[in-house]
Amino acid sequence: MPICFATPHRHAGPQSGASIIRRSSRFAVARPPARSMQEKYNASEVERAAQAHWNASRSFAAVPERGKPKYYCLSMFPYPSGKLHMGHVRNYTIGDVLSRWHMMRGFNVLQPMGWDAFGLPAENAAMQNGVPPAKWTDDNIAYMKQQLQSLGFAIDWTRELATCKPDYYRWNQWLFLRMLEKGIAYKKTQVVNWDPVDQTVLANEQVIEGRGWRTGAVIEKREIPGYYLRITRYAEELLADLDKLPGWPERVRTMQANWIGKSVGVRFAFPYELDGRQDKLWVFTTRADTIMGVSFCAVAAEHPLATRAARDNPALAAFIDECRHGSMMEADMATMEKKGMPTGIFVAHPLTGEKIQTWVGNYVLMSYGDGAVMAVPAHDERDFEFAKHYGLPIRQVVAVDGQTFSTDAWQDWYADKETGICVNSGKYDGLGYEAAVGAIATDLKARNLGDKQVQWRLRDWGVSRQRYWGCPIPIIHCGACGSVPVPDDQLPVVLPIDCVPDGSGNPLARNEAFLACACPQCGQPARRETDTMDTFVDSSWYYARYASRFGSDAMVDDETAYWMPVDQYIGGIEHAILHLLYSRFWSKVMRDLGLVHYDEPFSHLLTQGMVLNHVFSRRGEKGGIDYFAPDEIDLAHDAGGRITGAIAKADGRPVDYDGIGTMSKSKRNGVDPQSLIEHYGADTARFFIMFASPPEQTLEWSDAGVDGAYRFLRRVWAFGHVFAGDIKPKIGARQLAAAKLDGSLGELRREIHLLLKQANYDLTKHQFNTVASAAMKMLNALEKAPRDSAVAAEVVEEGVSILLRVLSPITPHIAHALWRELCFGDDIRAAPWPEPIEAALAQDEVELVLQVNGKLRGSLRVPADAPKEAIEAAALASDVAKKYMEGRPAKKVVIVPGRLVNIVC
RNA sequence: GCCGGGAUGGCGGAAUCGGUAGACGCAGCGGACUCAAAAUCCGCCGCCCGUGAGGGUGUGGGGGUUCGAGUCCCCCUCCCGGCACCA
C-alpha cells in the first residue's frame with residue numbers, strides 16, 4: 001500500500017465537479033511518495049490487491065438504506081454450461097460498469113448473481129460422461145463462479161442462488177399450486193416430439209430434419225396431457241402495460257406486442273349435418289369482409305372433423321398420419337410445402353347456404369383459434385397458392401381502383417384492406433374493410449352463427465416437460481382421487497440428485513423412491529407426477545428472490561419491496577420475447593396474490609447484442625449433428641477472403657461451414673475468456689469487450705485489438721509513474737481555480753473537460769465504447785501536455801484524476817491501484833463522479849466550416865458570440881467564397897451556429 | 001414464411017438534433033532507439049487521377065426529399081436474433 005504524507009479526505013459532493021481531493025500545500029510541495037510505485041504495469045498483482053481490498057471491506061454486500069436512491073442492476077443469470085464465454089463477459093461487464101458508475105454517483109447499488117441451473121445440457125452431459133446432472137452442474141457453477149470473481153465484478157455474492165436447489169424451486173411449486181387454485185394452471189393435451197426408438201420426448205433442438213438426433217428415427221407428433229399456465233388471461237394487461245415501460249427498447253416492445261398479437265376479427269360457423277347430427281365448423285378470421293369469396297375450408301390434421309372423415313377414407317387417414325410426422329415448429333410450418341386433401345364433408349356457407357368443401361391442410365394449426373380456417377384464395381396469399389395447386393376456385397370479392405385482378409399470379413394488392421372495396425359480394429358491394437366487417441358480423445350474429453371477437457396470437461404457456469433435470473410438478477396421482485395437489489406442508493417435492501439420464505425417457509419414472517407416496521386426500525398408496533417444469537419458470541422470478549433475505553417461510557419478503565422493481569436489466573436480445581414475457585406474467589400473478597407491489601419487474605432494459613462466432617458442423621451417421629470448435633478447424637479462403645472450405649484438424653476430413661451464429665455450448669463455438677484473463681488480466685478483457693462495439697450491437701468475435709487495449713492500460717500505468725515522479729512534485733500553491741490559462745494549457749484543459757462531458761453523456765446512453773475511447777483521448781492529450789510549470793502540473797493532476805474516475809467502472813482494478821499510488825485517496829469508489837466545469841469549456845473563438853453550394857471549401861474563425869449578420873459578412877468577404885462563387889451572387893446563406901456556413905449561389 | 005434488428009476504410013467502430021464522413025483503436029507501411037529482437041516513441045494510412053498543388057469520388061444496391069443525407073422517405077439485396085420443448 002502506498003503511504004501518503006497527508007491523510008486524503010473526501011470532500012464535497014458530486015457538485016464539486018472535476019475538483020479533486022486536495023491536501024494542504026504544506027505537505028504537497030515536492031514530496032514524492034514514500035515508496036516509489038512499480039514502474040511496469042503488473043495486471044495480476046494489481047488485480048489481486050484490488051480484489052483483496054474489496055473482499056476485506058465487504059464492499060458489495062447490499063443493505064437497504066434510507067436516504068439514498070437505490071439502484072438494482074441485474075444481469076441475466078447464466079446457465080452453468082461449464083465455462084464463461086465472451087457473451088457472458090460482455091453482459092456482466094456492462095452490468096458492472098453501470099453498477100460501479102451508479103455507486104460513485106451516490107446510489108445504493110444491488111448487483112446479484114446466480115445460476116439458471118436446470119436444463120437440458122446437464123442431461124446431455126450425463127449421457128456423455130455418466131455424471132449425474134447435479135454433480136456436473138455444481139462443478140460448473142464452482143468453476144464459473146471463480147471465473148466471474150477473477151473479472152472483479154462488484155457482485156453481492158451473499159445473495160447467490162441456484163434454481164436447482166430445493167430452497168429455491170420449492171417456491172416454483174408453491175406458486176404453481178396457487179395458480180391451480182385460481183384456475184391459472186390447468187391441464188390439457190399437448191403436442192410433443194416423440195422418438196419411437198428411444199421412447200422419449202425430444203426438444204425441438206433435438207429434432208434434426210424430422211429425425212431424432214441420437215437415433216435417427218423419424219419423429220412423430222404425439223398428444224399427451226400436460227399443465228398449462230393461462231397467460232392469455234393477462235394478454236390485455238401484458239399488451240397495455242408495454243406503454244408503462246418507456247425504459248425498454250422500442251424494438252423489444254414492438255416484438256412483444258406483435259407476439260401477443262391482438263386482433264379483432266369475427267369468429268363464425270359453417271353449419272353442416274353429419275351422421276344425422278347438426279354441427280358447426282367454427283373458424284376465426286380478420287378478413288370477414290372477404291367472406292363471400294370463400295371457396296373451401298381447411299382444418300388441422302388433429303381436428304375432430306378430420307378424424308371423423310378419415311374413419312371411412314383410408315387415403316385421408318394416411319395423409320393425416322403423414323401430417324403427424326411434420327415438425328411442430330412454426331418456422332417449419334410456415335415454410336413447408338402446403339399440402340391438403342379433401343375430406344368429402346361439405347359445410348354450408350353461413351350467409352349464402354352455398355355448399356363449401358372442407359379440406360385437411362398440413363398448414364393449419366390446431367393450437368391457434370379453433371383449428372380451422374376459411375379459405376379465400378383471391379385475397380390470402382397462402383390460400384391462393386393452395387387453390388392454384390389443387391385447382392380450387394378463386395373468386396375476387398375485393399377490388400382496388402385502377403388494378404386488374406388476374407388468377408395468373410398473386411399480387412400484393414389482393415390482400416390490401418386499406419383501399420379495397422367489396423365486389424361480387426351482393427348487398428356488401430361498395431363497402432370498405434371496416435364497414436363490410438361490421439355489416440357481415442351483424443348479419444352472422446342475427447343468424448346466431450358468429451360475432452366479432454378479439455383473438456390473441458399468444459397461446460397459453462405449456463410448462464410440463466417429460467424430463468428429469470427440472471423442478472418437479474407438485475402433483476400426486478391417486479387411483480381413487482385422481483390428480484391431487486401436494487399440500488403446502490409437504491413442499492418441496494425434492495428431486496433426487498443421483499439420477500443419470502440415458503436418453504430413453506425420464507429416469508424419474510423408474511425411480512421408486514421418488515414415485516411412491518401416499519395420496520394426501522385418501523392416504524392410499526399413490527404415484528408422484530414425473531413431469532418437471534419448463535426452465536423458463538425458474539427464471540421468471542429469480543430477480544425477486546435475490547431482492548429478499550432468502551427466508552424459508554416465504555417466497556419473497558419485505559426487503560423485496562425496497563429493491564424491486566429492477567432498475568436496470570441487462571441481457572441478450574434473444575430473450576426479447578419469451579423470458580421477458582413470462583417474467584412479466586409471473587410478476588402479475590405474484591402481484592395478484594399480494595406477494596409483491598409492482599406491475600412490471602424491469603423498469604429499464606438493455607438488450608445486449610449477441611456475440612457471434614463461426615459455426616462448423618458435420619452430419620452424424622444417424623442424422624444427428626456434430627459441432628466443431630473453431631480452433632479444431634483449418635480454413636480455406638477464396639481471393640476475397642470468403643470461407644470456401646473447412647477441414648477438421650483431427651481427421652483431415654471436411655466439415656460444413658454454417659456461417660456465423662450465437663456463441664453457445666451446443667454449437668461449441670463459445671470463446672472462453674480464461675486465456676485472455678490469464679495473459680492480459682481482467683481489466684484488459686473488460687476494456688477490450690467494452691471498446692469493441694456499442695452493447696446493443698451484434699459482435700462478431702475477433703481478438704484482434706486486445707493488444708491495443710492492453711497497450712493502453714500499460715500507458716495509463718506508465719503515465720501514472722511519470723506523473724508521480726516528475727509532474728506532481730511541481731505543484732505548489734493551488735492556483736488552478738484562479739489562473740488564467742494560456743493557449744495550450746487552456747486548450748488541454750478544455751479538451752479534457754469536453755471529453756468528460758462526452759463520456760458522461762455516452763454513459764447515460766450506454767455507449768461504453770466511446771467512453772473507452774474518450775479515456776484514450778484523455779491519455780493522448782495528457783501525454784502531450786506541458787509539464788514545465790506548477791499550473792501545468794495542476795492541470796495534468798486534474799486530468800489524471802478525471803481519467804482514473806472515468807476509467808474506474810470499466811477497469812476498476814487499475815483505477816483503484818493508481819488512485820492510491822498517486823495519493824488521490826484511499827478508495828476511488830468513494831470519490832465523487834467528475835462533472836465538467838463550464839469555465840473550462842468556454843472559448844473565445846470558434847472555427848466554422850465554410851461551404852459553397854454544399855461543398856466543403858474552407859473554414860472561418862469567428863468570435864464565439866458573433867451575430868449571424870457578422871458571420872455572413874465575414875463568410876462572403878472571405879477569399880474562399882470569392883474563389884468558388886465565381887462572381888455569382890449569393891442566393892442564400894445558411895448559418896448553423898457553431899458549425900458551418902453554406903453559401904448557395 | 002412471419003416478427004424485430006443490422007450493413008460505414010484491410011478490420012472493430014465514430015459522427016449524440018439533417019451540418020467537416022472515417023474520431024479512437026487494430027492491422028499494415030516508413031522511420032528513431034537497439035549488436036539484434038521485443039518493448040517504446042515519431043510519421044503515413046478510404047478509393048481513383050495527379051510528381052505535386054490539387055481535383056474527383058465515397059457510408060450494401062437503386063430511386064426521392066433538402067442549400068446540405070451515413071442520418072429522413074420508397075423499393076431491393078445480404079446478414080443476425082426470435083418463432084412458443086436450447087437457454
Side-chain angles (χ1 to χ4, degrees), chain A residues 76 78-79 81 116 118-121 124 190 192-193 201-207 249-252 254-259 261 328-336 367 381-382 457-467 534-536 539 572-579 581-582 607 609-610 612 641 659-662 664-667 688 691-694 696-700 702 704-709 711-712 714-715 718 758 761-762 764-765 767 769-770 772-777 780 847-851 853-856 859 891-894 896 899-905:
Chain A
M76 288 181 187
Y79 179 80
S81 56
D116 189 12
F118 275 137
L120 208 48
N124 296 337
Q190 53 176 352
V192 296
N193 301 306
V201 175
L202 296 184
N204 285 334
E205 186 188 54
Q206 299 171 313
V207 180
E250 191 62 44
R251 58 171 165 161
V252 175
T254 305
M255 280 190 262
Q256 292 222 346
N258 291 342
W259 182 265
M328 48 186 263
M329 287 189 282
E330 193 196 283
D332 294 333
M333 300 289 284
T335 49
M336 72 186 173
S367 51
E381 188 169 6
R382 204 168 47 176
R457 208 189 77 94
L458 181 67
R459 306 199 296 261
D460 278 342
W461 174 13
V463 293
S464 291
R465 297 289 180 274
Q466 295 69 43
R467 265 189 263 299
D534 180 4
T535 55
F536 274 124
S539 55
I573 183 66
E574 76 273 24
H575 293 294
I577 297 176
L578 291 180
H579 161 61
L581 191 66
Y582 291 147
T607 44
M610 306 276 73
L612 310 177
I660 52 174
T662 312
S664 75
K665 171 108 182 151
S666 60
K667 290 182 188 152
F688 173 64
F691 182 60
S693 83
E696 304 218 292
Q697 199 161 303
T698 45
L699 175 63
E700 199 174 320
S702 159
V706 174
D707 284 326
R711 197 173 299 149
F712 168 67
R714 283 202 313 258
R715 274 171 57 210
Q758 175 232 305
Y761 179 82
D762 289 348
T764 67
K765 293 279 176 195
Q767 272 202 205
N769 56 329
T770 50
S773 81
M776 289 175 138
K777 289 178 190 174
N780 289 346
E847 187 161 301
L848 301 181
V849 164
L850 182 53
Q851 294 183 340
N853 286 330
K855 278 198 196 296
L856 173 66
S859 65
K891 285 188 211 146
K892 187 175 173 183
V893 179
V894 181
V896 182
R899 286 267 185 196
L900 65 66
V901 182
N902 184 16
I903 300 169
V904 185
C905 61

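Here is how names work: the chains are called A, B, and so on, in the same order as the sequence lines, proteins then strands, and each is numbered from 1.
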request  = Note every stem involving RNA chain B: at least three consecutive Watson-Crick or G-U wobble pairs, i with j then i+1 with j-1, with both distances under 3.5 Å.
outcome  = B:1-7 with B:77-83, B:10-12 with B:24-26, B:28-32 with B:40-44, B:46-49 with B:54-57, B:60-64 with B:72-76
query = If the C1' atom of B:rA15 is compared with that of B:rC29, how far apart are they to the nearest Å?
reply = 27 Å
note = With B for base contact, S for sugar-phosphate-only contact and - for none (protein heavy atoms under 4.0 Å), nucleotides 21-33 of chain B reads --BBSSS------
request  = Let me know the distance between CG of A:L850 and P of B:rG68, rounded to the nearest Å.
outcome  = 16 Å
request  = Please identify each residue that fulfils side chain to side chain contact (heavy atoms under 4.5 Å, CB included) with A:K665, with sequence neighbours left out.
outcome  =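 With sequence neighbours excluded, A:K665 shows a side chain to side chain contact (heavy atoms under 4.5 Å, CB included) to A:S81, A:W136, given in chain and number order.
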inquiry  = Under 4.0 Å, counting only non-hydrogen atoms across every strand here, what does A:P78 touch: a base, just sugar-phosphate, or nothing?
reply    =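 It contacts nothing in the nucleic acid.
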message = Just N and O in the side chain of A:K667: are any of them under 4.0 Å from OP1 or OP2 of B:rA87?
response = no
inquiry  = If you only use heavy atoms from C-beta on, which nucleotide in B:rC67, B:rC86, B:rA87 is closest to the side chain of A:V894?
reply    = B:rC67
Side chain to side chain contact (heavy atoms under 4.5 Å, CB included) partners of A:V207, counting only residues at least two apart =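 Side chain to side chain contact (heavy atoms under 4.5 Å, CB included) list for A:V207, sorted by chain: A:N193, A:L202, A:I219.
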key: Spacing of A:D534 atom CG relative to B:rC86 atom P, expressed in whole Å   =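 Whole-Å distance recorded here is 9 Å.
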inquiry  = So A:R382, base contact, sugar-phosphate only, or nothing? Heavy-atom distance under 4.0 Å.
reply    = nothing
request  = Name all residues meeting the salt bridge (charged side-chain N to carboxylate O under 4.0 Å, His left out) criterion together with A:E205; count only those two or more places apart in sequence or in a different chain, and write none if there are none.
outcome  = none
Side chain A:N258 and base B:rC3 donor-acceptor under 3.5 Å =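 It does not, because no donor-acceptor pair links the side chain of A:N258 to the base of B:rC3 below 3.5 Å.
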request  = Could you please name the option among B:rC67, B:rA14, B:rC83 that lies closest to any side-chain atom of A:V904?
outcome  =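 Nearest to the side-chain atoms of A:V904, counting from C-beta on, is B:rC67.
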request  = Grab the CG-C1' distance between A:N124 and B:rC86 for me, whole Å please.
outcome  =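 After rounding, the reported distance stands at 10 Å.
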inquiry  = With rounding to the closest Å, how many angstrom separate the C1' atoms on B:rG19 and B:rA69?
reply    =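 Here B:rG19 and B:rA69 have their C1' atoms 10 Å from each other.
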task = Using the P atoms only, state how far B:rG68 lies from B:rA53, rounded to an integer number of Å.
result = 30 Å
ask   = Rounded to whole angstroms, how far apart are NE2 on A:H579 and P on B:rG81?
value = 19 Å
Partner residues of A:E330 under the salt bridge (charged side-chain N to carboxylate O under 4.0 Å, His left out) criterion, sequence neighbours left out =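 A:E330 satisfies salt bridge (charged side-chain N to carboxylate O under 4.0 Å, His left out) with A:R457 once adjacent residues are dropped.
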ask   = Contact class for A:E700 (heavy atom, under 4.0 Å): base, sugar-phosphate, or nothing?
value = nothing
